[in-house]
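Letters A, B, ... are given to chains in the order of the sequence lines, protein chains preceding strands, and every chain is numbered from 1.
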There are 2 protein chains.
Amino acid sequence: MKTVIETLTQHGIQPTPQRIAVAEFILETDTHPTADEVWASVRQHCPTLSRATVYNTLNLFVEKGLLKLQPLKEGVAVFDPHVKPHHHFIDEESGEVFDVPWEAVSVTGEKSLENFEVREYQVVLRGCRRA
Amino acid sequence: MKTVIETLTQHGIQPTPQRIAVAEFILETDTHPTADEVWASVRQHCPTLSRATVYNTLNLFVEKGLLKLQPLKEGVAVFDPHVKPHHHFIDEESGEVFDVPWEAVSVTGEKSLENFEVREYQVVLRGCRRA
DNA sequence: GTTCGTGCAAACGGTTTGCAACAAT
DNA sequence: ATTGTTGCAAACCGTTTGCACGAAC
C-alpha cells in the first residue's frame, strides 16, 4: 500500500504537513466534498490549517492530476479523488453525489458525432436514492 | 408561431417589458449564456435594465419551467431554454457549450442501478470541436 | 391603496490574491 | 540567500436581498 507521502512526491508535490493532512482526507473519501467541507474536516486534526491553504492545496492537487474538479453542483466546486472515468448520480433531495462505476452504464453513439471530437464523457444521473 | 408574450402568460408570468426583453433573447439563443451575458446582450436594446432584474427574471423563468439551470461550468450558472432532455458537449478550449440531440447518443443500464431511482439523466461530453 | 415589478446599492458566500513571516535547502 | 509554503486579511466575482420608487389593477 502506497503511503500518502509517496503519492504526493510521485506527483511532484512537496509533502508538507498541511498537504499530507488534506491528502489523507480527500484521497480516502467518497463524499465529493467542497473545499470548505475539506477545511472543516481536516481542521479537526490540524487546527492551524487556514482556508487559503486548503484552497491552494486542492487546486494544486487538481493541477497535478491527483483530483478532478467536477462541475456537478451549482455555485460550488466539488473535488473527486476518483480520477478514472466513471459516472455520477446526484440525489435531488440531499444534493449528495455518488459514484457510478463505469461499467454500470454504457453509452453508444458518441463516436459518430459530426462536429465534435470527444475526449471524455460521463453520464450525470439525477433522482432519488433508494433506502 | 407563438409570441413571447403568449409564452410568458401561459407560464403564469406577467409580461413586463423587461421580462419580454430577457425572454426574447434567451428563448432564441443556443449559446447557454450566463446571467451576466444575458444582461450584457439585453441591455443593448433595453439600457435601463438592471442586473438584479435579470437575475430575478432568470430565476423566475427557471421556477416556471421556461428554462433549465445547467451545472455545466464551474462557478457560474448557465441557463438553457431547451428544457426537453438532451445532452451537452463542452469545448475544452473555449468553454462553449453545445446541445447534443437526445437521439444522437444512447445510454443503457441506467434502469438497473441498484440503489438509485433515476428520474433524469444526460451525457456530458468534453473534447474539442471540429472546424 | 394594495399588489407587483423594478433599480440601486449593499450584503453575501465561495474563492483568490497580496503580503509578511517562516521553513527548508 | 534563495526558494517555496503558510496564514491572515483584504479583494474579488457571481449572485441575492432590502428597500424605496413607480406602474397596474
Give a yes or no on whether the backbone of [Y] and the side-chain of [X] come within a donor-acceptor separation of less than 3.5 Å.
X	Y	result
B:Ser112	B:Gly109	yes
B:Trp39	B:Leu49	yes
B:His86	B:Asp99	no
B:Asp91	B:Glu96	no

Contact nearer the 5' end of DNA chain C, comparing A:Val76 with B:Ile13: B:Ile13
Relative to the ring of A:Phe89, is the ring of B:Phe116 parallel (under 30°), tilted (30 to 60°) or perpendicular (over 60°)? parallel
For B:Ile13 and B:Phe61, the nearest pair of non-hydrogen atoms, with its separation, is CD1-CD1, 3.7 Å
Residues passing the side-chain hydrogen bond (donor to acceptor under 3.5 Å, both in side chains) test with B:Lys73, sequence neighbours excluded, are none
For [X] and [N], give me the distance from atom [atom1] to atom [atom2], rounded to whole Å.
X	N	atom1	atom2	answer
B:Lys73	C:dT15	NZ	P	18 Å
B:Asn59	C:dT6	CG	P	13 Å
B:Tyr55	C:dG13	OH	C1'	14 Å

Strand-adjacent residues in residues 16-26 of chain A, judged by heavy atoms under 4.0 Å from DNA chain D: A:Thr16, A:Gln18, A:Arg19
Hey, does B:Gln70 have a side-chain heavy atom less than 4.5 Å from the side chain of B:His32? no
Test: salt bridge (charged side-chain N to carboxylate O under 4.0 Å, His left out). Region: residues 6-35 of chain A. Which pairs qualify, not counting sequence neighbours? none
Just call it for A:Asn56: base, sugar-phosphate, or nothing, with non-hydrogen atoms closer than 4.0 Å on any strand. base
Under a 4.0 Å heavy-atom cut-off, which of residues 37-51 of chain B touch DNA chain C? B:Thr48, B:Leu49, B:Ser50
Please identify the 5'-most and 3'-most nucleotides of DNA chain D with any atom under 4.0 angstrom from a heavy atom of chain B. D:dG14 to D:dT17
If hydrophobic clusters are built from ILVMFWY residues whose side chains come within less than 4.5 Å, do B:Leu60 and B:Leu69 share one? yes
So which pairs with a foot in residues 9-18 of chain B pass side chain to side chain donor-acceptor pair (under 3.5 Å), sequence neighbours left out? B:Lys2-B:Gln10
